[in-house]
Novice: 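The structure follows.
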Amino acid sequence: MTLSKYSIGIGDRFGRQGAAQLDALQRAQAAGVMITPVWNKSNREHQIVRTTPADTRRAADQAVRARNWGSAYFVDADHIGLKNVGSFLDVCDFFTLDVAESIGQPPNPADLAIFQKAQRRFVGRLTIPGLDADMDVTAAKLEQVGNTYLVAVKEAARLYRHIAAAKGTSAFVTEVSMDECDTPQSPLELLLILAALAAEHVPVQTLAPKFTGRFNKGVDYVGDVEQFAREFEMDLAVVRYAREQLGLPASLKLSVHSGSDKFSLYVPMHRALKRFDAGLHLKTAGTTWLEELIGLASAGGEGRSLSVDIYEQALARFDELCQPYATVIDINRRCLPTIAEVRDWNGERFAATLRHDERCPSYNPHFRQLLHVGYKIAAEMGDRYLSALAQFEPMIARHVAENLWERHIRPVFIGA
Ligand SMILES: [Zn+2]
């Protein structure tokens, strides 16, 4: 299966917003840009919300029928490993092989020797079209990359073969993710990782590197935008080179995780994609639930009370909710409004505090991040939450579609 040039990770915690998200993609289509939807939901989210991959498949199929979506779409087993891939095998056709945990583990010496021999061709002065300068690749650097990444590559290959044995080699799209680790990969490391994946015959179509700077959940990028832009362009040059020189799929492209709300990166990303005529997979999804909350709060009445109740419980269970996301959020407790304050707010004020709009004086990123990880509370409310979603559906759908189209798809893929 081949992924098209542009694709976007969508979906949502509760499996209710697929149609609204497709609405945004249909607006892109009307503007002449085809973007393939990929429903993604990680094992962590399934466990917290108590859903299964089959629920995601059902939500995707339903949305596709509801919106008459006639083009390709996928369901992604997001961030899986050998130990939890089982329940995703039947229903998914896109697998994000998360091998970040294997980064830095020492390879077995025989494997390292094979890697060094195979990739010795890169040692010396390496010219990659699109890079400002040649790369100097030394044997020592090659060894160092092998020592850092070879076990992760081997793990990806093992996982790929496991899935291919169950589904057949052409029944799914393969992504390899290395984003949930501490150190960004340099362009040379990226190249050698791709070369090692090619040597293992892993038909990787999307690779999610760790980029420089912080990609916190649901808020803007924290870091040096210029530096990100330079690295992103270098990565695109490397990916193009790898596609042409290493026998990897022609559809190979970068995948950007935690991609929602990185508003300051979208303009440089779009510019780079145009410059390299490159594709992109952008994972969003997690913040869709915040659009649900914004819609509920804006609707007033029970929608507003529900949002306030969720915040009250999120405050009370701060540590428990933040713990699974500790490395990807930055919340200062002192900057959170008290529940007494929030109870006094009307729905509009709640929505304005939550909505990611830096120009709005009410916007509070701490409030937003806490609610972002607070979806467990809504999950525990069960019917009360789901009935509210049904009751206020038009208002919520408008927020979900508008946010995806206007603030994400347009700047990244369309450039307007
Ligand atoms: Zn990720």
Side-chain angles (χ1 to χ4, degrees), residues 3 7-13 37-49 53 56 74-85 88 92 94-104 149 152-153 155-156 159-160 163 172-185 189-190 193-194 197 202 204-223 228 231-232 235 239 252-262 265 269 280-290 322-330 369 372-373 375 408 412:
L3 191 60
S7 49
I8 187 162
I10 60 165
D12 60 290
R13 308 297 192 217
V38 181
W39 269 260
N40 58 249
K41 195 167 180 182
S42 65
N43 203 48
R44 175 171 63 192
E45 289 159 46
H46 280 303
Q47 281 173 338
I48 292 176
V49 184
T56 310
F74 294 87
V75 178
D76 177 7
D78 194 14
H79 281 286
I80 45 92
L82 264 182
K83 52 189 184 306
N84 55 24
V85 67
F88 292 88
C92 290
F94 187 122
F95 289 80
T96 298
L97 318 180
D98 183 344
V99 293
E101 259 181 32
S102 306
I103 295 172
Y149 292 104
V153 167
E155 182 61 19
L159 195 46
Y160 166 74
I163 299 161
F172 63 99
V173 168
T174 302
E175 165 156 330
V176 174
S177 74
M178 299 190 167
D179 62 308
E180 296 197 355
C181 63
D182 297 327
T183 319
Q185 292 93 30
E189 287 168 337
L190 196 61
I193 288 164
L194 288 168
L197 285 168
V202 178
V204 54
Q205 293 194 51
T206 53
L207 187 106
K210 168 147 179 93
F211 294 104
T212 183
R214 280 184 72 79
F215 281 68
N216 283 341
K217 297 281 181 188
V219 292
D220 206 344
Y221 176 72
V222 182
F228 169 86
E231 288 183 13
F232 188 71
D235 288 351
V239 164
L252 174 66
K253 58 184 178 175
L254 289 176
S255 172
V256 175
H257 286 204
S258 298
S260 53
D261 293 77
K262 301 300 171 284
L265 302 184
M269 273 167 70
L280 180 75
H281 184 54
L282 180 75
K283 283 198 185 182
T284 68
T287 52
T288 302
W289 120 263
L290 294 179
C322 293
Q323 188 274 326
Y325 291 94
T327 58
V328 284
I329 50 177
D330 272 320
Q369 288 179 92
H372 185 270
V373 299
Y375 61 94
H408 293 83
V412 176

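Atoms within each ligand, like the ligands themselves, are counted from 1 in listed order.
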Novice: Determine which pairs satisfy salt bridge (charged side-chain N to carboxylate O under 4.0 Å, His left out) with at least one residue from residues 75-84, sequence neighbours left out, and list them in order.
Specialist: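 Matches after skipping sequence neighbours: Asp76-Lys283, Asp78-Lys283.
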Novice: What pairs with His257 under ring-ring contact (aromatic ring centres under 6.0 Å, His included), at least two apart in sequence or on another chain?
Specialist: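 For His257 the ring-ring contact (aromatic ring centres under 6.0 Å, His included) partners, ignoring immediate neighbours, are His79.
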Novice: Tell me whether the rings of Tyr160 and Phe172 are parallel (<30°), tilted (30 to 60°) or perpendicular (>60°).
Specialist: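 Tilted.
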Novice: Could you tell me if the ring centre of Phe228 sits under 6.0 Å from that of Phe211?
Specialist: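 Yes - the distance between ring centres of Phe228 and Phe211 falls below the 6.0 Å cut-off.
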Novice: Run through the protein N/O/S atoms less than 2.8 Å from the Zn ion (ligand 1) and write them out by chain and number.
Specialist: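 Less than 2.8 Å away from the Zn ion (ligand 1) sit His79 NE2, Asp179 OD2, His257 ND1.
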Novice: Between the side chains of Lys253 and Thr206, does any donor sit under 3.5 Å from an acceptor?
Specialist: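 Not at all, the side chains of Lys253 and Thr206 share no donor-acceptor pair under 3.5 Å.
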Novice: Test of understanding: with ring-ring contact (aromatic ring centres under 6.0 Å, His included), list the residues that count as partners of His408, not counting sequence neighbours.
Specialist: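 His408 satisfies ring-ring contact (aromatic ring centres under 6.0 Å, His included) with Phe263, Tyr266 once adjacent residues are dropped.
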